[in-house]
Enquirer: 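I'd like to ask you about the structure that follows.
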Amino acid sequence: MAAEASPSPLSFFFIILVTVFALTPIAHSIPFIVLHAEEALVEATKSSKKPQFGHGLGDKCTNRGITHFTELLGNWSGSQGYCIEIGDGTWDSWIMPLMEQTAIVCEKVKEMTELSEGYSIIGLSQGNVIARGVIEFCDGGPPVKNFVSLGGPHAGTASVPLCGTSFICILVDNLIKSGIYSDYVQEHLAPSGYLKIPTDITNYMERCRFLPKLNNEIIDKNSTYKERFSSLQNLVLIMFEHDTILIPKETSWFGYYPDGSFSPTLPANKTELYIKDWIGLKTLDEAGKVKFFSVPGNHLAISRTDMKTYILPYLEDQASNRTVIMDSSSRRGSMSSSSSSSSSIRNFVMELVGLTKNRPLQLTVD
């Protein structure tokens, strides 16, 4: 009887190769939308999940920086992005209450069949609190897989974002003078919804219409907000080292001042929101799902290199195993991280003309 032929080395190699492919999880890019203060940007593809990112106060979907930002991420990730308009652009960005802006985005994402299997959100500036509102408040909406936040006022801001000298800015100044926590201002100035004056906490808690609810600071805590927020696969928080818009800049990492004082700036894990886990931030962090990144530049001035490093890897439908890399590790207290070499401070520009690989992609508020 003839002896059976032994498998060739090539056969063994093929079996091993097939096994490796069978056991290796496949990461799919996720559809995304861009959310900013007055509008939101969304793009998607049928075969992949969409990333979403929000733009900032006073921005428009037609803003050249936002358009280019979306296109770059779409090209790199293989997914398309969509810009969701909220009302009338710049004007509504300033005067439409944030709860109303959130409700508009909620309805729009529910209508988008491209997002039905899940999507990612990329928030820019004020767009981040709208994005979190969609995650926490939007009943029946498609699941949000990853949330990438650029310069978000998550713990509040102690100053209304810089505006300028236009007519709308004059109106804003007059509204501020009438009392930031008054009913009229809360109804007619969007940033008042996340303005948190440390020395006026009583009025903030009683009269601020948006952030106390968003951060579950309210007396009757809502477990649904925590459940939804802590279901994220990844929460990526990007802080700009020379941010002059957010006060303090550490609010991008959920850091803030203690009640009753403008100093010191507490790292996120020293705040009540984190310690008592009101929205699930501690839960996410202990599970290794929170990434704290610090990049050079002023508010929303980010380079292509940093976009590829800190945003692109999280536009996938799979929990990331990346090592957390950041520059200012001391700001997070005892939270673990790996340090990285500090990159040089980049000069940011208002236009994208002549943008090179390492020049910032400027999405600054006008």
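Just so you know, these numbers come straight off a predicted model, no measurement behind them.
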Enquirer: Identify whether the distance between the nearest side-chain nitrogen and carboxylate oxygen of E111 and K108 falls below 4.0 Å.
Expert: no
Enquirer: Of all the heavy-atom pairs spanning Y257 and I247, show the shortest one and how long it is.
Expert: OH-CG2, 3.6 Å
Enquirer: Determine, for D220 against K213, whether the closest basic-nitrogen to carboxylate-oxygen distance falls under 4.0 angstrom.
Expert: no
Enquirer: Output, in order, the C-alpha distance, side-chain angles, deciding distance and verdict of salt bridge (charged side-chain N to carboxylate O under 4.0 Å, His left out) for D139 and R228.
Expert: CA-CA 10 Å; D139 295 328; R228 290 174 176 173; 2.6 Å; yes
Enquirer: Is the positively charged end of R132 above the ring of F229, judged by distance under 6.0 angstrom from the centroid and angle within 45° of the axis?
Expert: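 Checked: cation-pi criterion met.
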Enquirer: I'd like to know if E217 and K196 make a salt bridge, using a cut-off of under 4.0 Å between side-chain N and carboxylate O.
Expert: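 Salt bridge flag = yes for K196 with E217.
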Enquirer: Measure the shortest side-chain to side-chain distance between I238 and W253 over non-hydrogen atoms and say whether it is less than 4.5 angstrom.
Expert: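 The answer is no; the side chains never approach within 4.5 Å.
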Enquirer: Between F293 and Y314, how do the two ring planes meet: parallel, tilted or perpendicular, split at 30° and 60°?
Expert: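 Correct class here is tilted.
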Enquirer: Against the six-membered ring of W278, is K226 placed for a cation-pi contact (under 6.0 Å from the centre, within 45° of the normal)?
Expert: no
Enquirer: Are F69 and I311 packed together at the side-chain level, in the sense that at least one heavy-atom pair is separated by less than 4.5 angstrom?
Expert: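 They are in side-chain contact.
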Enquirer: Which pair of non-hydrogen atoms, one from K110 and one from G141, has the smallest distance, and what is that distance?
Expert: CG-CA, 3.6 Å
Enquirer: Less than 4.5 Å apart, any side-chain heavy atom of V144 and any of L232?
Expert: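 In contact.
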Enquirer: Within the structure provided, determine whether N215 and Y256 are in side-chain contact (heavy-atom separation under 4.5 Å).
Expert: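 No - every pair of side-chain heavy atoms lies 4.5 Å or more apart.
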Enquirer: Measure the shortest side-chain to side-chain distance between L98 and Y194 over non-hydrogen atoms and say whether it is less than 4.5 angstrom.
Expert: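 Yes - at least one pair of side-chain heavy atoms lies under 4.5 Å apart.
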Enquirer: I'd like to check L237 versus F147 (side-chain heavy atoms, cut-off strictly below 4.5 Å). Are they in contact?
Expert: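 In short, these two side chains do not touch, never coming nearer than 4.5 Å.
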